[in-house]
Amino acid sequence: MASPTDLTIAEAREQLRARKLSSRELTQAHLEAMAKAKSLNAYITETPDRALKMAAEADGRLKSGGTGPLDGIPLAIKDLFCTEGVLTTAASHILDGYKPHYESTVTANLWKAGAVMLGKTNLDEFAMGSSNTTSYYKPVNNPWRRHGDNRPLVPGGSSGGSAAAVAARIAMGATGTDTGGSIRQPASFCGLVGLKPTYGRCSRWGIVAFASSLDQAGPMTRTVRDAAILMGAMAGHDPRDSTSVPRPVPDYETSLTGNIKGLRFGIPKEYRVDGMPAEIEKLWQQGVAWLKAAGAEPVDISLPHTKYALPCYYIVAPAEASSNLARYDGVRFGLRVKGDSLDEMYENTRAQGFGDEVRRRVMIGTYVLSAGYYDAYYLKAQRVRALIAHDFTEAYKKCDVILTPTTPSAAFAIGEKSDDPIAMYLNDVFTVPVNLAGLPGISVPAGLSSDGLPLGLHVIGRAFDEETLFRVAGVIETAAKFTARPPAVGG
Amino acid sequence: MSLDKATVARIATLARIKVADRDLDKMVGDLQHILSWVEQLNTIDTTGIEPMTSAVEVTLPMRDDVVTDGGYADKILANAPEPVIVGEGGFFTVPKVVE
Amino acid sequence: MLIEGKTGTWEMVIGLEVHAQIISKAKLFSGAATAFGAEPNTQVSFVDAAFPGMLPVINRFCVEQAVKTGLALGAQINLMSVFDRKNYFYADLPAGYQISQYTRPIVGKGHLTIDLPDSETRQIGITRLHMEQDAGKSLHDQHPTKTYVDLNRSGVALMEIVSEPDLRSPEEAGAYLRKLRAILRYLGTCDGNMEEGSMRCDANVSVRKPGGPLGTRCEIKNVNSVRFVMQAIEYEARRQVEVIEDGSTIAQETRLFDNQKGVTRAMRSKEHAHDYRYFPDPDLLPLVLDGKWVDELKSRLPELPDTKKDRFIKEFKLSPYDAGVLVAEQEAAEYFEQVAKNRKDPKLAANWVISELFAVLNRQNVDITKSPVSAKSLAGLLDLLEDNTISGRIAKDVFQQMVDTGKEAAAIVEEKGLKQVTDTGAIEQAIDAVLAANADKVAQVKGGNTKLVGWFVGQVMKGTGGKANPGMVNEILKRKLEI
Ligand SMILES: [Mg+2]
Ligand SMILES: [Zn+2]
């Protein structure tokens with residue numbers, strides 16, 4: 001029998017319930033794989049003792065016929081989620097040694113569903129990045145390699161550790177957060193399914209905030225069904241988050257009918273960006289063909305303000321971040337660097353505690369909110385944001401979902417794009433508009449680049465219509481038959 | 001618009017991030033680069049468009065006036081550098097401030 | 001009030017910003033308790049201390065309190081208001097921003113009527129009232145090199161009530177604060193306790209030649225009593241006149257009042273040219289109120305000081321001054337009304353409460369809710385006075401005994417036998433005795449020295465231990481002396 005680490009969550013769930021496999025065995029197998037895969041640097045903190053304890057409890061429940069949707073399933077948690085008693089760093093020096101005395105709502109929901117925590121995964125510092133190279137805890141390696149080229153590649157970001165872990169079979173699934181593409185882009189780079197839910201669908205309580213009006217937590221898994229299972233446990237209304245929406249959580253698994261007959265999917269012409277590799281264009285057309293073959297109907301649509309989404313995002317997100325990150329000041333938790341006055345202590349702590357990219361974004365955000373620039377930058381961007389959201393409203397009069405590539409390129413080598421921040425920002429050109437509009441988007445592995453790297457297709461849905469996203473993603477998954485495995489795990 | 005060192009220094013002070021003089025030029029360059037890029041937004045006419053501050057349609061939920069939290073000074077101070085414990089509670093401490 | 005300077009007269013221009021702590025059990029955006037005086041950081045939630053990932057959820061009752069206050073100030077209630085972040089770094093501001101309201105406050109323009117000497121009144125404009133979080137407390141005197149931070153107060157709900165620059169003297173400023181405090185207490189939205197800091201006042205002061213253009217203003221921060229606010233304004237205005245008349249100019253700055261020395265001084269902490277970078281808090285959504293709910297709150301407002309005062313003047317024929325004194329505190333007004341209701345002469349009740357009762361309360365320095373004589377008991381005493389059971393002089397003695405013993409007036413009069421003598425026979429006897437004993441003086445009276453009558457009355461009263469009805473004594477004396 002294949003290693004239990006190769007099972008999907010759905011498969012493992014059956015074997016656990018049938019008592020063919022114990023959570024202890026499953027968890028143990030993952031802990032051993034983690035020990036062998038340290039070079040990926042996917043985890044910042046591993047929690048083997050807690051994992052084995054939670055596994056034992058899960059086995060107890062399973063023995064007595066426990067039916068928690070995730071009973072005994074070992075998961076990785078992005079180190080942006082506060083976990084009680086476990087180091088929580090946001091991959092930043094400034095949170096040195098920080099152990100929360102509370103548990104984020106999303107992770108609490110997972111533990112309630114019976115899941116087992118393997119550890120906390122690496123990410124871009126404060127989730128600011130698209131390559132996981134801004135982490136204070138060093139970059140994460142993508143388990144994938146280009147054909148005949150052993151240079152380490154980035155896993156994407158900011159949820160790079162989660163993506164690498166799931167792709168490398170050292171977690172069955174993982175949580176991510178997505179502010180501008182931080183779930184979908186790394187999912188695409190690592191050959192995974194990644195869902196960014198509708199804003200307000202998952203609680204933000206207990207998740208270290210980057211940009212409050214854009215942040216959403218979501219699942220990262222190896223199959224669409226696994227994503228649906230994980231999402232069902234993560235989602236739900238939370239009275240502790242004023243932006244959490246009081247709506248019942250549907251059973252997402254039941255939406256995987258494979259039937260999309262008569263569904264209209266939009267093809268936005270503005271997503272044909274210049275310099276987009278031919279193979280991306282080809283993959284996109286392939287996606288269109290698959291959906292047509294399944295009985296769906298393509299519709300040409302226009303999202304006229306698409307090209308302004310990135311600049312809009314790089315005003316709104318830093319503005320919110322500059323305020324959200326003001327609490328990291330060396331007074332109540334984390335790093336303190338001494339200073340003769342209070343202000344010196346602040347300035348030393350924040351200069352040494354934040355990395356280059358975070359400092360850069362806090363400075364930009366402070367600037368665009370400051371007197372004299374607020375209207376020209378921040379207010380202007382919020383107006384453009386309204387236009388971008390309106391584009392989608394108009395489009396959804398013609399179609400039910402929108403199909404695009406997830407990223408304009410496959411994974412790149414570490415250091416390849418780090419010199420110019422804007423070149424890096426362009427990774428998110430297809431994902432950022434979705435966050436600005438608060439809509440759900442899912443990335444599904446759909447094929448390999450010419451040099452053997454995974455590429456994802458991106459399906460965007462109406463607000464709170466994750467069910468249709470899962471259904472369409474399931475159809476793409478079936479058609480794509482994506483079975484390639486990263487060489488790092490013997491592909 | 002073009003940035004100067006003085007402006008960047010003022011922003012750094014507002015953000016309470018120490019930027020050494022020798023790093024100021026690079027910082028000016030980095031920010032200038034990004035700002036000139038985002039300024040393409042000025043080519044869009046947004047007259048009469050309401051700024052969008054939230055992606056959710058619902059209005060602000062309210063809670064009842066009941067005490068449900070607090071009462072755990074130990075946890076509040078547990079991660080603090082140089083706390084001073086006093087009885088059931090205690091203080092955070094910072095370099096002395098003169099008003 | 002005008003200041004006489006070397007170069008002529010100057011006018012003060014004063015606007016007040018009052019921070020009033022809202023009375024509520026829990027904080028504005030967290031479930032932590034608000035009670036004053038707990039041990040440091042014991043009434044702090046992870047939200048109040050701005051721990052990573054913590055989010056605000058607003059307290060409905062605090063919103064209700066702010067709306068009630070706005071309605072009482074005759075102000076416009078904004079059915080849609082927005083919470084903004086005011087960004088600045090300070091040790092007792094854990095998040096690095098204060099959640100406040102900037103461009104769209106919950107309450108707009110209103111007004112407040114202040115009472116001035118010789119029952120004059122003036123209307124002072126209210127610019128706005130907005131809701132915001134209080135900060136924690138920094139203690140600078142606990143350690144030679146450290147400032148200690150207590151976050152118990154962090155997140156408590158505040159109303160910031162901003163006046164127009166309509167005030168022209170320390171007296172008007174004092175009257176404004178006293179009236180505002182009375183209204184807040186009537187409403188139960190703030191206890192108005194300036195000493196404990198649940199009501200704090202910043203004063204914006206400038207001077208100008210009467211009618212001339214506005215001068216540069218200085219803001220005097222956190223003065224903690226009405227008296228000090230008045231002193232601070234007086235000092236600051238005179239300081240500004242001197243500075244200007246000595247040929248220099250006023251720097252717009254924040255100043256602190258030193259209540260020992262009675263002077264204001266510029267804050268030493270280098271104020272980084274403040275740039276608060278207000279923007280709508282993305283963790284919160286616009287606050288939308290239901291108009292029907294607001295109307296219902298309005299219909300349930302208590303009778304407020306001004307209305308009560310007018311009613312007392314009409315209903316009880318009180319002088320505006322007495323009415324003003326009685327409504328200043330809701331409890332005093334209630335006490336008075338209990339004593340005065342269905343009394344022939346309510347003015348008598350007013351006099352007794354204001355002069356006799358208040359004197360006792362001052363001496364024992366207790367407030368009226370702890371008065372040694374209840375309203376019902378005082379009413380009992382006034383009943384005896386009104387139906388001539390006792391004389392005014394006796395009534396004062398009885399009242400003193402009521403204070404000392406807590407007994408009812410009737411009981412005291414009974415056991416001490418202080419009933420007024422109104423039986424003609426008894427009074428005539430007493431008079432005859434006095435006349436017989438002073439034949440010489442009787443002769444003088446009959447000789448035309450009518451001034452002596454008063455002396456006779458005194459003698460008779462003395463003879464009856466003050467119990468004889470003075471009116472009857474007078475009347476019978478005059479008859480017997482044939483004048
Ligand atoms: Mg103010
Ligand atoms: Zn204020």
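A note on names: the letters A, B, ... follow the listed sequences, proteins ahead of strands, and every chain is numbered from 1.
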With rounding to the nearest 0.5 Å, note down the distance linking [atom1] in [X] to [atom2] in [Y].
| X | Y | atom1 | atom2 | result |
| --- | --- | --- | --- | --- |
| A/Ser341 | B/Lys96 | OG | NZ | 14.0 Å |
| B/Ser54 | A/Leu214 | OG | CG | 10.0 Å |
| A/Tyr373 | B/Leu35 | OH | CG | 9.5 Å |
| B/Ile17 | A/Arg359 | CD1 | CZ | 7.0 Å |
| A/Tyr377 | B/Glu39 | OH | CD | 3.5 Å |

Residue selection (most heavy-atom pairs with chain B, distance under 4.5 Å) from A/Arg332, A/Glu344, A/Arg385, A/His390: A/Arg332

Options A/Tyr308, A/Tyr346, A/Tyr199, ranked by heavy-atom pairs under 4.5 Å with chain B, top entry: A/Tyr308

Structural part of [X] lying under 4.5 Å from a heavy atom of chain B:
| X | answer |
| --- | --- |
| A/His305 | side chain |
| A/Ser242 | both |
| A/Tyr425 | side chain |
| A/Ala381 | both |
| A/Val245 | side chain |
| A/Met345 | side chain |

With sequence neighbours excluded, what pairs up with A/Phe210 under the ring-ring contact (aromatic ring centres under 6.0 Å, His included) test? none

For the pair A/Arg350 (side chain) and B/Ala15 (backbone), establish whether a donor and an acceptor sit closer than 3.5 Å, ignoring hydrogens and angles. yes

Could you walk me through whether B/Leu41 and A/Ile315 pass side-chain contact (heavy atoms from CB on, under 4.5 Å), step by step? CA-CA 10 Å; B/Leu41 294 189; A/Ile315 291 174; 3.8 Å; yes

If I measure from the heavy atoms of chain A, does B/Leu60 come under 4.5 Å with its side chain, its backbone, both, or neither? side chain

[X] to [Y] - nearest heavy-atom pair and separation:
| X | Y | result |
| --- | --- | --- |
| A/Gly334 | B/Pro81 | O-CG, 4.5 Å |
| B/Ala55 | A/Gly438 | CB-CA, 3.7 Å |
| A/Ala389 | B/Met52 | CB-SD, 3.7 Å |

Is there side-chain contact between [X] and [Y], with at least one heavy-atom pair below 4.5 Å?
| X | Y | answer |
| --- | --- | --- |
| B/Gln40 | A/Lys307 | yes |
| B/Thr7 | A/Tyr367 | yes |
| A/Pro421 | B/Asp30 | no |
| A/Glu347 | B/Thr13 | yes |

What pairs of residues pass the side chain to side chain donor-acceptor pair (under 3.5 Å) test when at least one of them lies in residues 72-93 of chain B, not counting sequence neighbours? A/Arg336-B/Glu82, A/Lys338-B/Glu82, B/Asp69-B/Tyr72, B/Glu82-C/Lys146

Options [options], ranked by heavy-atom pairs under 4.5 Å with chain A, top entry:
| options | value |
| --- | --- |
| B/Thr43, B/Val58, B/Leu77, B/Ile34 | B/Ile34 |
| B/Ile44, B/Val94, B/Leu31, B/Val56 | B/Ile44 |
| B/His33, B/Arg10, B/Met27 | B/His33 |

A/Lys99 atom NZ, over 12 foreign heavy atoms within 6.0 Å: no

Of A/Lys380, A/Gln382, A/Arg383, the one forming a side chain to side chain donor-acceptor pair (under 3.5 Å) with B/Thr46 is A/Lys380

Using the rule given for side-chain contact (heavy atoms from CB on, under 4.5 Å), can you reason through A/Leu310 versus B/Trp37, listing the C-alpha separation, both sets of side-chain angles and the distance that settles it, and then say yes or no? CA-CA 10 Å; A/Leu310 271 179; B/Trp37 172 67; 3.8 Å; yes

Looking at B/Arg16 and A/Asp329, does any basic side-chain N land under 4.0 Å from a carboxylate oxygen? no

